Amino acid sequence: MSSKSIIVFLICFVLIGVGLGIPLLGPTNTVIIGALLTIPIVIKKWPLSAITLVIVATALNRYRFDIAGWGLKIEYIAIVYICVIWAIQLLARKSRVQVDQKDWILIVWLLINLLSSSINAPDRNKSLKYFVLLGLMVLMYLVLVQLLSNERTLHKAVVLFLMVGTLTSLFGILARWLYAFGLNLGVQIDPSTKEPIPYGTLWEGNIFGSYTMSFALCFLALLSTSEIHKRHRLVLWSGFIVNFSATLLSLSRGAYLGFAGGLLMILLFVRKNFLRRWFFAITIVGLLLLISYGSLTVDESRSPIITRALSLSNFTEASWQGRLYYYQQALDSWKVHPLIGWGTGSFGQLYTYVTVKLPAWVGNLEIRMLHDSGFLGVCAFVLFLIMVIGNAMRAVVKTRTSFNRNLLITFLVSFIGLLIAYQATEATWLGFTWVHIAFLRVSTRAVLENSANGKVPQASARLDMAVANSRDRCSIIPGSR
């Protein structure tokens, strides 16, 4: 059985097993039986099988299981499962875990969350529970950085990552289309426009928009920075159109802004003679998609996509006012514990939504972290981001054109798009954010390693390198295989 067949089987097994196993066996039995059945496959194709499980699991964060009183998403279960197998392999091989300064800063941020959750949280048990789940997401990032240990694995993982992201977007588009026929596979109604918004296999509509936007930027960045074979260029264009269409359907203004910011970054990185061509290409594609989806509106006088885009400047709108109200509440309550905050996920323990008696949530990344982990926590996390993005920018500027550099630009652009979108609806509590950071870290490391070793592939290296990959197994982590 070939490597591709095993990976495809693994993806299908997870998706079909979750869909059929839960109704028949219950969530707990499904997880136990699935874990036992996949152990041989995961071990045989390690580490690519583990990376595949993580990528697929983070695309299914809508689904959760109640196990021992804990509402666990699939991604939580996947990372625990992988860590158990990985830990056994580390002990058997007596391998070392590579942790650098940036990772230690992230661990300090987690410790600040632990301290505030232990001593300041209104409900200590809930905050500690949220801390554990947040810690699993950081653990996912740390493990992925270790598993993506060489170029061969990195390139194959990138292809899988783009495939899963595009399939997730396609499912969201399908859900939106089927909703018109009375079948709801993952659609919510936007309270402002009263329009159906797909979320598919993801948590909710804004998260769906951010997720698909990041993949649209990935495809566009690859198209604009690589010299690619025509058949692969067609595949990349198809992937971009699918993900960009899903982003438009999400009606997420944060995702729209994130895409615009990412597009500006792409224009900064590509060669000058490409600027005008890409500007017109994106403009034409964008206009065609806006016109096409304008027919989906209930109110035929205006497309809901255009309505949402124009509402970015309307600060008197109810949704804007609601966000600003909760931001102010978070800032006011932060002043009580300015240094370390109230604890992980504590805002909902203090406040409920005005319209419905449910725990409230602060969507802005920095304000939410300020409330939960205080000034020290925000400083630690921002320092981590500055180091990650700064190292990536330095690697892009100081190295010549190569395929790994193009991958680095791809993940740098998509991550910056996510950070912009997270000013409205942040998702550091979901795994796909940390998967992006891991790919960004490893791509940076690969570029710097190749530059230090004097190994710089030519600019004409094509996407074939990611699909078939040459026999080059240049180590990214010293001593790795």
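Predicted model, so just to flag it, every value in this text is computed and none were measured. Residues: numbered from 1 along the sequence shown.
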**Student:** Does any N or O in the side chain of N364 come within less than 3.5 Å of the main-chain N or O of Q423, such that one atom is a donor and the other an acceptor?
**Tutor:**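 Side chain of N364 to backbone of Q423, a donor-acceptor pair under 3.5 Å: yes, one is there.
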**Student:** Is the Y211 to H436 ring centre distance short of 6.0 Å?
**Tutor:**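 No, the ring centres sit 6.0 Å or more apart.
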**Student:** If only atom types and distance count, is the side chain of S116 paired as donor or acceptor with the main-chain N or O of D372 below 3.5 Å?
**Tutor:**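 Side chain of S116 to backbone of D372: a pair is present.
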**Student:** Can you find a side-chain donor-acceptor pair between Y325 and Q321 that sits under 3.5 Å?
**Tutor:** no
**Student:** Looking at T201 and A59, would you say the former's side chain and the latter's main chain have a donor-acceptor pair under 3.5 Å?
**Tutor:**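 Answer holds: yes.
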**Student:** First locate atom CD1 of I112, then atom CD1 of I340, and finally report the distance between them rounded to the nearest 0.5 Å.
**Tutor:**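 One finds 8.5 Å between CD1 of I112 and CD1 of I340.
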**Student:** Closer than 3.5 angstrom, by distance alone: can the side chain of R445 be matched with the main-chain N or O of V145 as a donor-acceptor pair?
**Tutor:** yes
**Student:** Heavy-atom distance under 4.5 Å between the side chains of L407 and F439, does that happen here?
**Tutor:** no
**Student:** Any chance the side chains of D103 and Y141 put a donor and an acceptor closer than 3.5 Å?
**Tutor:** yes
**Student:** Answer whether the closest heavy-atom distance between the side chains of F259 and L220 falls below 4.5 Å.
**Tutor:**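 A side-chain contact exists here, since the closest heavy-atom pair is under 4.5 Å.
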**Student:** Counting neighbours of OH on Y327 that are heavy atoms of other residues, nucleotides or ligands and sit closer than 6.0 Å, is the number greater than 12?
**Tutor:**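 Check passes, neighbour count above 12.
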**Student:** Are the side chain of Q146 and the backbone of Q98 linked by a donor-acceptor contact shorter than 3.5 Å?
**Tutor:** yes
**Student:** Measuring only between side-chain heavy atoms, which start at C-beta, is F347 closer than 4.5 Å to Q329?
**Tutor:** yes
**Student:** Which residues pass the side chain to side chain donor-acceptor pair (under 3.5 Å) test with S373, sequence neighbours left out?
**Tutor:**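 By the side chain to side chain donor-acceptor pair (under 3.5 Å) rule, S373 matches no residue at all.
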**Student:** Which is it for L249 and I197 under the side chain to side chain contact (heavy atoms under 4.5 Å, CB included) test, yes or no, and what are the steps along the way?
**Tutor:** CA-CA 7 Å; L249 285 177; I197 298 176; over 6 Å; no
**Student:** Before you tell me yes or no, could you show the steps for T212 and T247 under side chain to side chain donor-acceptor pair (under 3.5 Å), namely the whole-Å CA-CA distance, both residues' side-chain angles and the distance that decides it to 0.1 Å?
**Tutor:** CA-CA 6 Å; T212 57; T247 303; 3.0 Å; yes
**Student:** So do L419 and I389 actually touch side chain to side chain, heavy atoms under 4.5 Å?
**Tutor:** yes
**Student:** Tell me whether R323 contacts the main-chain N or O of G363 through its side chain, where contact means a donor paired with an acceptor under 3.5 Å.
**Tutor:**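 It does not hold such a pair.
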**Student:** So with a 6.0 Å cut-off around OH of Y353, is the heavy-atom count from everything else above 12?
**Tutor:**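 Correct, the count exceeds 12.
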**Student:** Strictly distance-based, threshold 3.5 Å: is any side-chain N or O of T153 a donor or acceptor partner for the main-chain N or O of S149?
**Tutor:**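 No; zero donor-acceptor contacts below 3.5 Å.
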**Student:** Any side chain to side chain donor-acceptor pair (under 3.5 Å) pairs touching residues 354-363, not counting sequence neighbours?
**Tutor:**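 For residues 354-363, and leaving out neighbouring residues, there are no side chain to side chain donor-acceptor pair (under 3.5 Å) pairs at all.
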**Student:** Please name the pair of heavy atoms, one in V187 and one in A175, separated by the smallest distance, quoted to 0.1 Å.
**Tutor:**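 Minimum heavy-atom contact is CG2-O, 3.5 Å.
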**Student:** To the closest 0.5 Å, what do you measure between CZ (R152) and CG (L48)?
**Tutor:** 9.5 Å
**Student:** State, yes or no, whether a side-chain contact exists between F411 and V158 at a heavy-atom distance under 4.5 Å.
**Tutor:**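 When only atoms from C-beta onward are counted, V158 and F411 do touch, with a gap below 4.5 Å.
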**Student:** If every non-hydrogen atom of A216 is compared with every non-hydrogen atom of N243, which pair is closest and at what distance?
**Tutor:** N-CB, 3.6 Å
**Student:** Would you say the rings of F240 and F244 are close, in the sense that their centroids are separated by under 6.0 Å?
**Tutor:**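 Ring centres of F240 and F244 closer than 6.0 Å.
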**Student:** Using only atom types and a distance under 3.5 Å, with no angle test, would you say the side chain of N120 pairs donor to acceptor with the backbone of G341?
**Tutor:**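 Between the backbone of G341 and the side chain of N120 there is a qualifying donor-acceptor contact (under 3.5 Å).
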**Student:** For L418 and M213, work out which heavy atoms get closest and say how close.
**Tutor:**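 It is N-CE, 3.9 Å.
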**Student:** What heavy-atom pair brings S333 and Y351 nearest, and what distance separates the two atoms?
**Tutor:**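 Smallest interatomic distance, heavy atoms only, reads CB-OH, 3.4 Å.
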**Student:** Quick check: closest heavy atoms across I367 and A330, and the distance to 0.1 Å?
**Tutor:**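 Heavy atoms only, the tightest pair is CG2-CB, 3.7 Å.
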**Student:** How many angstroms lie between atom CD1 of I386 and atom CG of N391, to the nearest 0.5 angstrom?
**Tutor:** 11.5 Å
**Student:** Over all heavy atoms of both residues, which pair between S252 and G209 is shortest? Give the atoms and the distance, please.
**Tutor:** CB-CA, 4.3 Å
**Student:** Determine whether a donor-acceptor pair (N or O, by modelled atom type, separation under 3.5 Å) exists between the side chain of S169 and the backbone of G165.
**Tutor:** yes
**Student:** Is there a side-chain contact between N61 and W429 (heavy atoms, below 4.5 Å)?
**Tutor:**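 In short, these two side chains do not touch, never coming nearer than 4.5 Å.
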**Student:** Let me see the working for L114 and L110 under side chain to side chain contact (heavy atoms under 4.5 Å, CB included), right down to the final yes or no.
**Tutor:** CA-CA 6 Å; L114 175 60; L110 275 181; over 6 Å; no
**Student:** If I take atom CZ from residue F131 and atom CG from residue L115, how far apart are they, to the nearest 0.5 angstrom?
**Tutor:**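 The CZ atom of F131 sits 10.0 Å away from the CG atom of L115.
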**Student:** For the CZ atom on R62, are there more than 12 heavy atoms of other groups (residues, nucleotides or ligands in this structure) within a distance under 6.0 Å?
**Tutor:** yes
**Student:** Can you find a heavy atom in the side chain of F415 that is under 4.5 Å from one in the side chain of L217?
**Tutor:**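 No; the side chains remain at least 4.5 Å from each other.
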**Student:** Under the side chain to side chain contact (heavy atoms under 4.5 Å, CB included) criterion, do W434 and L106 qualify, and how do the steps go?
**Tutor:** CA-CA 12 Å; W434 298 98; L106 192 60; 3.8 Å; yes
**Student:** Output the distance between atom CE (M163) and atom OG1 (T52), rounded to the nearest 0.5 Å.
**Tutor:**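 Nearest 0.5 Å value for the CE-OG1 distance: 9.5 Å.
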**Student:** Do side-chain atoms of S210 reach the backbone of I207 as a donor and acceptor pair under 3.5 angstrom?
**Tutor:** no
**Student:** Test N404 against S443 for side chain to side chain contact (heavy atoms under 4.5 Å, CB included), laying out the working first.
**Tutor:** CA-CA 6 Å; N404 285 338; S443 299; over 6 Å; no
**Student:** Can you measure from CZ (F215) to CZ (F219) and round to the nearest 0.5 angstrom?
**Tutor:** 8.0 Å
**Student:** Report yes or no: do T344 and S117 form a side-chain donor-acceptor pair below 3.5 Å?
**Tutor:** yes
**Student:** Once the angle between the rings of F384 and F381 is folded into 0 to 90°, is it parallel (under 30°), tilted (30 to 60°) or perpendicular (over 60°)?
**Tutor:**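 Geometry flag for F381 against F384: tilted rings.
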**Student:** Heavy-atom distance under 4.5 Å between the side chains of L430 and T58, does that happen here?
**Tutor:**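 They are not in side-chain contact.
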